[in-house]
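Keep in mind that what you see is a predicted model, and the values were worked out from it rather than measured.
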Amino acid sequence: VFGKDITLILILNNLAFDHKTVKVDISASTILYTRRAVAEILQATTSVDLGSKQEKHIRLKIPYTHYGKYLTTDKRIQVTALCEVMNVHGIKLLVEKTIILEDTNIIIKIPRRVVVNKAVTLEISYANPLPEPVNSCVLLVTLMNQQVKIHLAGLAPRERSRIYFEFTPRRTGPLQLQVDFSCDKFSHVKGFVTIAVAPA
């Protein structure tokens with residue numbers, strides 16, 4: 001989840017009976033959705049001894065403080081591990097993993113029944129998932145082809161807050177509401193719901 005430390009486990013398995021030593025070069029970078037690297041956030045090398053038919057786990061932790069300021073709006077991190085069996089010519093294995101960090105920031109609560117031409121109040125809650133305060137918070141609400149920009153107070157670390165948003169639907173049928181939350185530390189955290197508007 002965005003804002004939390006990331007823990008990964010690389011599992012190495014020796015399928016042979018003879019002892020092996022494996023050198024592992026691990027790197028992690030923030031990337032765009034096109035897989036183009038933005039910034040390297042981790043570089044580590046380790047060596048693992050594997051006995052006959054032995055399995056070992058390498059635990060890898062990427063703290064938020066390492067990736068936070070380099071993350072793009074795509075919220076993607078590419079981790080690669082190049083595993084090389086020592087003293088055996090030409091045996092290498094590349095393991096890749098793309099992590100897409102989830103947002104749990106926006107929660108939209110709508111009444112059970114929404115009726116045309118009758119005012120309705122929605123609850124929109126938003127959060128700061130980071131271990132540090134955020135400021136310059138802005139909520140952009142898009143509804144019925146109109147956008148409303150709401151400037152909000154800053155949030156303390158891990159704080160959740162809410163606002164109430166009132167509107168009157170002018171037609172029956174499905175209506176999509178989109179919310180976009182941005183601040184000085186991250187941007188474009190989105191949430192949306194489809195509202196079923198009933199006849200009067």
Side-chain angles (χ1 to χ4, degrees), residues 1-7 29-39 41 62-78 97-200:
V1 176
F2 174 59
K4 302 274 181 74
D5 294 348
I6 299 165
T7 302
S29 299
T30 56
I31 59 168
L32 300 173
Y33 74 94
T34 57
R35 292 174 60 98
R36 188 170 74 82
V38 176
I41 53 173
I62 307 173
Y64 165 74
T65 50
H66 284 205
Y67 74 80
K69 61 176 179 254
Y70 301 112
L71 211 58
T72 68
T73 53
D74 296 327
K75 295 186 175 62
R76 289 169 188 253
I77 293 173
Q78 177 88 30
K97 170 83 174 167
T98 301
I99 301 162
I100 303 171
L101 299 174
E102 292 178 14
D103 287 319
T104 54
N105 284 9
I106 305 289
I107 299 170
I108 305 165
K109 291 183 180 175
I110 56 175
R112 189 167 292 169
R113 185 168 160 80
V114 177
V115 178
V116 71
N117 294 326
K118 188 175 178 183
V120 58
T121 302
L122 309 175
E123 181 187 291
I124 302 171
S125 76
Y126 52 96
N128 171 16
L130 307 184
E132 56 189 334
V134 298
N135 295 295
S136 306
C137 301
V138 175
L139 210 59
L140 194 65
V141 181
T142 305
L143 180 70
M144 298 186 292
N145 298 321
Q146 303 228 342
Q147 285 192 333
V148 180
K149 192 174 189 178
I150 305 162
H151 292 273
L152 308 162
L155 293 170
R158 313 278 188 216
E159 183 185 2
R160 179 168 284 280
S161 191
R162 64 179 58 84
I163 63 162
Y164 295 91
F165 183 81
E166 185 180 286
F167 75 100
T168 303
R170 296 299 180 198
R171 59 179 176 81
T172 59
L175 198 62
Q176 191 167 86
L177 170 90
Q178 185 171 314
V179 177
D180 187 310
F181 177 64
S182 294
C183 65
D184 61 343
K185 300 285 194 319
F186 55 86
S187 59
H188 305 303
V189 174
K190 297 181 188 296
F192 66 92
V193 291
T194 300
I195 302 165
V197 181

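- Between Ser136 and Cys183 the shortest side-chain heavy-atom distance does not fall below 4.5 Å.
- Contacts of Phe167 classified as ring-ring contact (aromatic ring centres under 6.0 Å, His included), with partners at least two apart in sequence or in another chain: none.
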_side chain to side chain contact (heavy atoms under 4.5 Å, CB included) for Ile6 and Leu101? Distances and angles first, verdict last._
CA-CA 9 Å; Ile6 299 165; Leu101 299 174; 3.8 Å; yes
_Go through it in stages, so that I can follow the logic: the residues are Lys75 and Val189, the test is side chain to side chain contact (heavy atoms under 4.5 Å, CB included), and I'd like the CA-CA distance, side-chain angles, deciding distance and then a yes or no._
CA-CA 10 Å; Lys75 295 186 175 62; Val189 174; 4.1 Å; yes
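- Side-chain atoms of Leu122 and Pro111, non-hydrogen and from C-beta on, do get closer than 4.5 Å to each other.
- Side-chain N or O atoms of Ser29 include none that pairs as donor or acceptor with a backbone N or O of Ala37 at under 3.5 Å.
- Considering only heavy atoms from C-beta on, Ile107 stays 4.5 Å or farther from Arg162 through its side chain.
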_Could you go through Leu175 and Met144, starting from their C-alpha distance and side-chain angles, then the distance that decides it, and tell me whether this counts as side chain to side chain contact (heavy atoms under 4.5 Å, CB included)?_
CA-CA 7 Å; Leu175 198 62; Met144 298 186 292; 3.6 Å; yes
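- Closest approach of Val114 and Pro169 over heavy atoms only: CG1-CG, 3.9 Å.
- Distance CD1/Ile124 to CG/Leu152: 9.5 Å, rounded to 0.5 Å.
- Side chain of Asn128 to backbone of Glu159: no donor-acceptor contact under 3.5 angstrom is found.
- The closest donor-acceptor contact from the side chain of Asn135 to the backbone of Gly154 lies at 3.5 Å or more, if one exists at all.
- Exactly one of Thr142, Ile110, Val193, Thr194 qualifies for a side-chain contact (heavy atoms from CB on, under 4.5 Å) with Leu177. That residue is Val193.
- Residue Leu140 holds its CG atom at 7.5 Å from NZ of Lys149, rounded to the nearest 0.5 Å.
- Phe192 and Gln176 get closest at one heavy-atom pair: CD1-NE2, 3.9 Å.
- With sequence neighbours left out, Lys109 forms a salt bridge (charged side-chain N to carboxylate O under 4.0 Å, His left out) with Glu123.
- A 6.0 Å sphere centred on CZ of Arg158 holds more than 12 heavy atoms belonging to other residues, nucleotides or ligands.
- Shortest non-hydrogen contact noted between Leu130 and Lys185 is CD1-CB, 3.7 Å.
- Using a 4.5 Å heavy-atom threshold, the side chains of Ile77 and Leu71 count as touching.
- For the pair Phe165/Leu139, no side-chain contact is recorded, criterion being any heavy-atom separation below 4.5 Å from C-beta on.
- A distance of 11.5 Å separates CD1 of Ile99 from OG1 of Thr30, quoted to the nearest 0.5 Å.
- With rounding to the nearest 0.5 angstrom, the CD1 atom of Ile163 is 10.0 Å from the OG atom of Ser125.
- Summarising the geometry, atom CD belonging to Gln78 is positioned 10.5 Å from atom CD1 belonging to Ile100; distances are rounded to the nearest 0.5 Å.
- A side-chain donor-acceptor contact under 3.5 Å links Ser182 to the backbone of His188.
- The two residues Val116 and Arg170 have their closest heavy-atom pair at CG2-C, 3.6 Å.
- Taking the side chain as every heavy atom from C-beta outward, Phe186 and Pro129 approach each other to under 4.5 Å.
- Closest approach of Ala127 and Phe181 over heavy atoms only: O-CE2, 3.8 Å.
- The two atoms that bring Tyr64 and Glu132 nearest to each other are OH-OE2, 3.1 Å, heavy atoms only.
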